[in-house]
Student: 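Below: one structure in structure tokens.
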Protein chains: 2
Amino acid sequence: MQLSKTFDYAIRSLVYLARLPEGEAAELRAISLSQSVPMSYLAKVMRHLVRGGLVTSILGRDGGYSLRKKPRDITLLQVYEIMEGELRFVECMENDRNCSLFNGCTQATVWRRLRQAVEGIFRETTLEDLLPKNAGESVPTPIKESGYARAGA
Amino acid sequence: MQLSKTFDYAIRSLVYLARLPEGEAAELRAISLSQSVPMSYLAKVMRHLVRGGLVTSILGRDGGYSLRKKPRDITLLQVYEIMEGELRFVECMENDRNCSLFNGCTQATVWRRLRQAVEGIFRETTLEDLLPKNAGESVPTPIKESGYARAGA
DNA sequence: CAATCGTGGATATCTAATGTCCACAATTGC
DNA sequence: GCAATTGTGGACATTAGATATCCACGATTG
């Protein structure tokens, strides 16, 4: 019942990008530092987001990442599906192939209800909802940068 | 976002017990067979349920397990907490110690809403809800018993 | 006392998440 | 063109947790 760090990283990175001034891009290093996420791992996360169409990447010098949509047009459900695939609580959720037990699987109803609930929340929550309220704040910095985002890629 | 097999095993075993005639107990082997769960692993699951107070165990010959409460008095939330501990979606859910980022963690709200939703469903769903509707049915048997519950403990 | 159960805990295996690395392609400034 | 910078791609390593196995033991019954 845990959400993966990867998913959390993705959201935090997106929020970071959403807080940038219009049209500006952020480097991997900056995001990594601000979120205390290993740079090489974050790189992988960002690639997902790029392929998923939520983020644009700019190559070469002065490159970086920037949002491709308005914060309010990015839902957590989109992010989840890009990072983790379809929302599912048990192996057998859709395909009865896996489950050789034919107790009519009375659990299925519960799992389905669970998914609907979670999916609903994810669908209704956009990046905008995750932006800090106090407007005139600048991008946050990490408390201690214990070894993240050093030399490397 | 996956539920553990262990949790699923626990529920299925409880449902199995709930379907027994009043006051009857079931052996580990029988449960294991019916659910296609390795016996030695199921033993561990059952111990949790015993310690958690949902199930009584009878030692010695003709021993086995039986429910300690009525099916409608056992909620999925109880089962979950016994098997997995407190419901939680991210590490930092309660204690801010883990999280050295002070972006005010706007996600926290979402995680909390998520938990409330799931917790609600778990709290409202009892074992009774998981019993097959068609009354006069006997305890199910597995389709194929491919190697489970053989010799061993 | 012998057969049958569950108990307890150490240990092993497996799998997915997480993290690391390096060669490469794109872009920009000189 | 060249060097520096930035993201890309994929192979690989590590870790952690879930899952599974084992065995010596205690309880119970006939």
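Remember, it's a predicted structure, so these values are computed and weren't measured experimentally. Every heavy atom of this structure was used, including side-chain atoms; hydrogens, water molecules and symmetry mates were not. Just so we're on the same page: letters track the sequence lines, and every chain starts at 1.
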Student: Does A:Y9 reach a base, just sugar-phosphate, or nothing at all? Heavy atoms under 4.0 Å.
Tutor: sugar-phosphate

Student: Establish, from distance only, whether the side-chain atoms of A:Y41 and A:T6 form a donor-acceptor pair under 3.5 Å.
Tutor: yes

Student: Could you state the CG-P distance from A:L42 to C:dC21, rounded to the nearest angstrom?
Tutor: 16 Å

Student: Indicate, yes or no, whether a donor-acceptor pair under 3.5 Å links the base of C:dG19 to the side chain of A:K44.
Tutor: yes

Student: Can you work out whether B:S4 or A:A26 has the more 5'-proximal nearest nucleotide on DNA chain D?
Tutor: A:A26

Student: Nearest 0.5 Å, what's the CG-CE distance between B:L54 and B:M46?
Tutor: 9.5 Å

Student: What parts of residues 75-82 of chain B reach DNA chain D, counting only heavy atoms under 4.0 Å away?
Tutor: none

Student: Set out, in order, the CA-CA distance, both residues' side-chain angles and the distance that settles ring-ring contact (aromatic ring centres under 6.0 Å, His included) for A:F7 and A:F122, then state yes or no.
Tutor: CA-CA 12 Å; A:F7 179 49; A:F122 277 175; 5.7 Å; yes

Student: Could you pull out all residues at least two apart from B:R123 that satisfy side-chain hydrogen bond (donor to acceptor under 3.5 Å, both in side chains)?
Tutor: B:E119

Student: Test for a donor-acceptor pair under 3.5 Å between the base of D:dG9 and the side chain of A:R47, counting only N and O atoms.
Tutor: yes

Student: C:dT18, OP1 or OP2 - any side-chain N/O from A:T6 closer than 4.0 Å?
Tutor: yes

Student: Which residues, if any, of residues 48-65 of chain A bring a heavy atom under 4.0 Å of DNA chain C?
Tutor: A:L59, A:G60, A:R61

Student: Are the side chain of A:S13 and the backbone of A:Y9 linked by a donor-acceptor contact shorter than 3.5 Å?
Tutor: yes

Student: Does B:I121 belong to the same Ile/Leu/Val/Met/Phe/Trp/Tyr cluster as A:L3, with side-chain heavy atoms less than 4.5 Å apart forming each link?
Tutor: yes

Student: Any side-chain donor paired with an acceptor under 3.5 Å for B:E84 and B:S4?
Tutor: yes

Student: Quick one: do B:V55 and B:L14 satisfy side-chain contact (heavy atoms from CB on, under 4.5 Å)? Show the steps, please.
Tutor: CA-CA 8 Å; B:V55 161; B:L14 288 170; 3.6 Å; yes

